Structure formats: C-alpha cells, structure tokens
Amino acid sequence: MQGPLLTATVRGLRAMADGGPLARAIRAKLDAALQPTHLQVLDESPRHGGPPGAETHFAVVVVSGHFSGLSPLQRHRLVHAALRTELAGPLHALAIVARTPQQWESDPHVPPRPPCLGGSKHERHRDAAGGDGDVPRNQ
C-alpha cells in the first residue's frame, strides 16, 4: 500500500517523463494524425529563457509511413496541420525532423539544433544599430 507522499512523488515523476500539458497534447495529436512508428517530443523551452514551467519551444522527431513520397516541405505541412491550434496559441517555436521508417532505419541520427541566441530579431537589430532601432540615427 502506497502512502500519499509516495503516490504524489510517483505521479510527479510520471508527469515529468510525459511532459507538461502542451507536450502531451503535441504527442497525442501527432499520434492520431500520423500514426508514427517513432515519436519524440522534446520541450526545449528552458533553453530559450522563458519563465519556469513555460511550454513554448519544442522539437519533434516524427517517423511515419505517411511521409512516403512527400517532400520535406509537405511533411512539415502535415505536422503543422496536426498542431494548428497549438501553433496559433501557446507554441512559439517548433523544430521538426520528419522521416519515413526506411530513412529512420538507415540513419537514426538527429542533427543538432543551433543554440538559442536569445531575444528577438528586432532586439538584435536594435543592438546592432547602436540604438533603439525605431529612431533613425543622425549622421
């Protein structure tokens, strides 16, 4: 018989392994839409400077027979269609690796993603311009 503390700990560990609510929704929707033979949903939000617990940046590795005969762009469109609601709301960024089962069998390597540089393009532009980016500088 488990005590309340042990039960809460087991539940917490299971939630961490499954991810947060957005990670679980991404997994469920990709499972339903693409019936993948391999699926990884990685929450990369902590690498991007958001508040603790924010689910905003994800990477997915989807291996599905539905991708056979499709270009990379068409494969990404299928993933985007499955996650339309999430992309319109809380999901800010999504890195996608979409392969057929044959491609995955011959090369299960996932290329590394570049590190996050932080900030937005607007902020980098402003910093590079040496000002606030909205006000022209006198020459």
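Everything numeric in this text was worked out from a predicted model, so none of it was measured. Reckoned from all heavy atoms, side chains included, excluding hydrogens, waters and symmetry mates.
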Examine distances only and state if a side-chain atom of Glu55 and a backbone atom of Ala23 form a donor-acceptor pair shorter than 3.5 Å. yes
If hydrophobic clusters are built from ILVMFWY residues whose side chains come within less than 4.5 Å, do Val97 and Leu70 share one? no
Under the 3.5 angstrom rule, does the side chain of Glu105 hit a backbone N or O of Gln102 as a donor-acceptor pair? no
Would you say Arg99's side chain and Val62's backbone share a donor-acceptor pair under 3.5 angstrom? no
Find out if a path of hydrophobic residues (ILVMFWY) with successive side-chain heavy-atom gaps under 4.5 Å connects Leu42 to Ile26. no
Between Ala98 and His76 the two heavy atoms that sit nearest each other are CB-CD2, 4.5 Å
For Ala54 and Ser45 the tightest heavy-atom approach is O-CB, 3.1 Å
Please check if the side chain of Thr100 supplies one atom and the backbone of Ser68 the other of a donor-acceptor pair under 3.5 Å. no
Taking all atoms of both residues into account, what is the closest heavy-atom pair of Leu91 and Ala93, and its distance? CD1-O, 3.4 Å
Atom of Pro101, atom of Thr37 and distance for their closest heavy-atom approach: CG-OG1, 4.1 Å
Is the number of heavy atoms from other residues, nucleotides or ligands within 6.0 Å of NE2 (His66) greater than 12? yes
Could you go through residues 107-115 and list every donor-acceptor pair under 3.5 Å that involves a side-chain atom there, pairing it with any protein atom two or more places apart or in another chain?
residue : atom : partner : partner atom : Å
Asp107  : OD1  : His109  : N            : 3.2
Arg113  : NE   : Glu44   : OE1          : 3.2
Arg113  : NE   : Glu44   : OE2          : 2.8
Arg113  : NH2  : Glu44   : OE2          : 2.3

Rounded to the nearest 0.5 angstrom, the CG-NZ distance for Leu83 and Lys29 is 7.0 Å
